Number of protein chains: 2
Amino acid sequence: MAEDNWSKGAAYVDGRFVPIAEAAIPITDWGYRRSDVTYDVVSVWGGGFFRLDDHIARFRNSMDALRLDPPEDDAAIRAVLTECVRRTGLREAYVAMDCLRGTPRPGEPRLPANCRNYLAAFAVPWVWLMSPELQARGAHLIIATTPRIAEDSVDPTVKNFHWGDLTRGLFEAEDRGADNCVLLDRDGFVTEGPGFNVFAVTDGEVATPDRGALEGITRLSVMELCGELEIPLAVRPVPAAELRDADEIFLATTAGGIMPASRIDGRIMGNDRPGPISVRLRETFWAKRAAGWHATPIDYGVSGTA
Amino acid sequence: MAEDNWSKGAAYVDGRFVPIAEAAIPITDWGYRRSDVTYDVVSVWGGGFFRLDDHIARFRNSMDALRLDPPEDDAAIRAVLTECVRRTGLREAYVAMDCLRGTPRPGEPRLPANCRNYLAAFAVPWVWLMSPELQARGAHLIIATTPRIAEDSVDPTVKNFHWGDLTRGLFEAEDRGADNCVLLDRDGFVTEGPGFNVFAVTDGEVATPDRGALEGITRLSVMELCGELEIPLAVRPVPAAELRDADEIFLATTAGGIMPASRIDGRIMGNDRPGPISVRLRETFWAKRAAGWHATPIDYGVSGTA
């Protein structure tokens, strides 16, 4: 296998390492055909994982919630992720881990409990959810008319691929000339957007939803930074009106860090650029990342797995 | 390629026919990673498709609703499905067609509108959603506590893989010693179960939900049969209490036809066996199928595609 095959990405599927171009899910797998799967994404920056243990712990909680039980324990998952990155040689990478339901064992009733669950993972070159140029300008957001899938139907704290509502929101955003969208719950409170948590800044206070959204690891980092920087933070229901009238809005995700917005539903916030609290949090976040904050360095020289 | 590879199933993925064991979806595809995909399933029985045009028309409507646009027109899809079955030689087959979002074209913003959509399809040996033995006994159903994903978040008439709520319902059923489940909407009305429509029979009238569920092709067949057999049929909201108190319940799906139940939430209906109206509909359905009702015969000798 030419080295170049690995530099584009390395994957692990059901026990076997393969170049990303060969990494695939059987078309009959319930992980695909029923979206019966959970996942997590961890970033590699400057040759180290960011908050690796937090991501693996959340992934394990998600698997437990869905009664998914792959053969790999947490130490093995850590080794698999490390080996994927090592094979690519990437210093900045987007690293995903999935646990799929699989298919029913032959001869057993076609029920989820009778499936052989398995792990898949991959590392690819870093992906920006929003480009650095867009982050510098500030995202133009809309509040989508499509409501978020309710949490009693699909638990948003268990990371999942049920993105039909989010995809509709993305088309709504594009139709309205915006970059991205935020979805509300049925009671009109802010939930999240496609792959990110949402923060509203009003009179110097940062507010983010306490429900209806993923408990993001970057969201957790924002909470820590607010503490360090003595910026007031409230984790509570956030009404749509609070977001529409906010002084600043920013988003948080693994694939982008802290991403400021500059417009909401066509309204210009501040001077049509990222606001001061958003910028301060973003700059502090990346400065601390560069200094090794919550980092797990990767040994690129040695394979930790067969 | 040995003939036996094809007898286990034949697939078509993004322009290429492959044995089912080789049919796979790239792990990075949004059809998997965002469940941004629609599908349909048509049955082959006695060497002919059942209601092929109805399935392809519904599939096209689903693709349009999600702004999915694969290169294949309806005639090409028909040819692909036929060729998949022809390669297997199967007289009874489960035939699926998927349209996936794909991934963003290189260099374009990572938005669904920038993806290259494509078709996948496969034919495999016939799959019973419920075994014939279970159908003869009558399924034991529960009404799940998990509510169905609301239709303003994900449209249930656009066939989709957002099964997180249905999978939870299946685990609930297993935990309560039942075979399968029915989900309610937030207002307490019956929607559907994992892959089937639901019918309640009370005082000789058959009732099935007018909303919150897939507009099933087998459901359509039930409607036609009720007309022919002069069985009163109502398509309207069906409260949970009506299902709990029904004289009979039966389910309808491509992968099983008309499937009677005998218990609901632990309550025995009739004599703990499929009820008379359910049995009459089921027997008429299969007798008409055997006689070529709505059938499109397959020419197994000639390849209609390259």
Side-chain angles (χ1 to χ4, degrees), chain A residues 9 11 13 20-21 23-37 39 66-67 96 98 101 109-113 120-122 124 127-131 134 145-150 152-155 158 160-168 170-171 173-174 179-180 183 186 194, chain B residues 9 11 13 20-21 23-37 39 66-67 96 98 101 109-113 120-122 124 127-131 134 145-150 152-155 158 160-168 170-171 173-174 179-180 183 186 194:
Chain A
V13 181
I20 190 69
I25 304 302
I27 197 169
T28 51
D29 197 297
W30 287 3
Y32 164 62
R33 292 207 89 68
R34 299 184 172 196
S35 204
D36 195 358
V37 50
Y39 77 113
L66 298 181
R67 306 196 202 180
D98 305 349
R101 183 70 64 193
R110 293 175 57 78
L111 292 171
F122 63 86
V124 291
V127 175
W128 285 108
L129 191 145
M130 290 181 184
S131 68
L134 190 56
T145 60
T146 302
R148 186 80 177 104
I149 294 170
D152 51 357
S153 291
V154 180
D155 183 350
V158 175
N160 65 77
F161 292 145
H162 288 56
W163 272 48
D165 51 347
L166 300 167
T167 296
R168 260 162 71 166
L170 284 170
F171 276 116
E174 186 163 14
D179 302 310
N180 220 309
L183 268 62
R186 271 177 184 71
Chain B
V13 181
I20 190 67
I25 304 302
I27 197 168
T28 52
D29 197 299
W30 287 4
Y32 163 62
R33 294 206 87 67
R34 298 183 173 196
S35 204
D36 194 358
V37 50
Y39 77 113
L66 297 181
R67 305 197 203 179
D98 305 349
R101 183 70 64 193
R110 293 175 58 78
L111 292 171
F122 62 86
V124 290
V127 175
W128 285 110
L129 192 144
M130 289 181 185
S131 69
L134 191 54
T145 60
T146 302
R148 186 79 176 102
I149 294 171
D152 53 356
S153 291
V154 179
D155 183 350
V158 174
N160 66 76
F161 292 146
H162 287 56
W163 272 47
D165 51 348
L166 300 167
T167 297
R168 260 162 72 165
L170 283 170
F171 276 115
E174 187 162 13
D179 302 310
N180 219 310
L183 268 61
R186 268 174 187 71

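Residue numbers begin at 1 in each chain, while the letters A, B, ... track the order of the sequences. Model, not experiment: these values are computed from the prediction.
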Quiz item: Counting heavy-atom pairs under 4.5 Å to chain A, which of B:D165, B:I25, B:D179, B:D29 comes out on top?
Solution: B:I25

Quiz item: Rounded to the nearest 0.5 Å, how far apart are CD1 of B:I149 and CG of B:N160?
Solution: 7.0 Å

Quiz prompt | Interchain contact, B:L66 with chain A, by part (heavy-atom threshold 4.5 Å) | solution = backbone

Self-check item: Segment of B:D155 engaging chain A (4.5 angstrom heavy-atom cut-off)
Solution: both

Quiz item: Tell me, side chain or backbone of B:V37 under 4.5 Å from chain A's heavy atoms, or both, or neither?
Solution: side chain

Practice problem: Below 4.5 Å from any heavy atom of chain A, which atoms of B:R168 appear? Answer side chain, backbone, both or neither. | Solution: side chain

Quiz prompt | Which portion of A:V127 sits near chain B, non-hydrogen atoms under 4.5 angstrom | solution = side chain

Quiz item: Do you know which of B:P112, B:P147, B:A11 has the most heavy-atom pairs with chain A at a distance under 4.5 angstrom?
Solution: B:P147

Self-check item: Segment of B:L170 engaging chain A (4.5 angstrom heavy-atom cut-off)
Solution: side chain

Quiz prompt | Region of B:Y32 in contact with chain A, defined by heavy-atom distances below 4.5 Å | solution = both

Exercise. Please flag which part of B:L111 lies under 4.5 Å from any non-hydrogen atom of chain A: side chain, backbone, both or neither.
Key: side chain

Exercise. Using a 4.5 Å cut-off on heavy atoms from C-beta on, say whether the side chain of A:I27 contacts that of B:I20.
Key: yes

Quiz item: With distance as the sole test, does A:R33 use its side chain to make a donor-acceptor pair with the main-chain N or O of B:F161 at under 3.5 Å?
Solution: no

Exercise. Go through the atoms of B:D152 and report whether side chain, backbone, both or neither lie under 4.5 Å from a heavy atom of chain A.
Key: both

Quiz item: Can you tell if the side chain of B:R110 reaches within under 4.5 Å of the side chain of A:P194, non-hydrogen atoms only?
Solution: no

Quiz prompt | Side chain, backbone, both or neither of B:W30 within contact of chain A (heavy atoms, under 4.5 Å) | solution = neither

Self-check item: Any donor-acceptor N/O pair, A:H162 side chain to B:G164 backbone, under 3.5 Å
Solution: yes

Practice problem: Check the side chains of B:R67 and A:T167 for a donor-acceptor pair under 3.5 angstrom, ignoring hydrogens and angles. | Solution: no

Quiz item: Given a strict heavy-atom distance threshold of 4.5 Å, which part of B:R148 is in contact with chain A: side chain, backbone, both, or neither?
Solution: backbone

Quiz item: What is the distance from atom OG of A:S153 to atom CG of B:L183, rounded to the nearest 0.5 Å?
Solution: 7.5 Å

Quiz item: By a 4.5 Å heavy-atom criterion (distance strictly below it), what part of A:R34 contacts chain B: side chain, backbone, both, or neither?
Solution: both

Quiz item: Taking A:V154, A:D98, A:D36, A:T146 one by one, which has the highest count of heavy-atom pairs under 4.5 Å against chain B?
Solution: A:D98

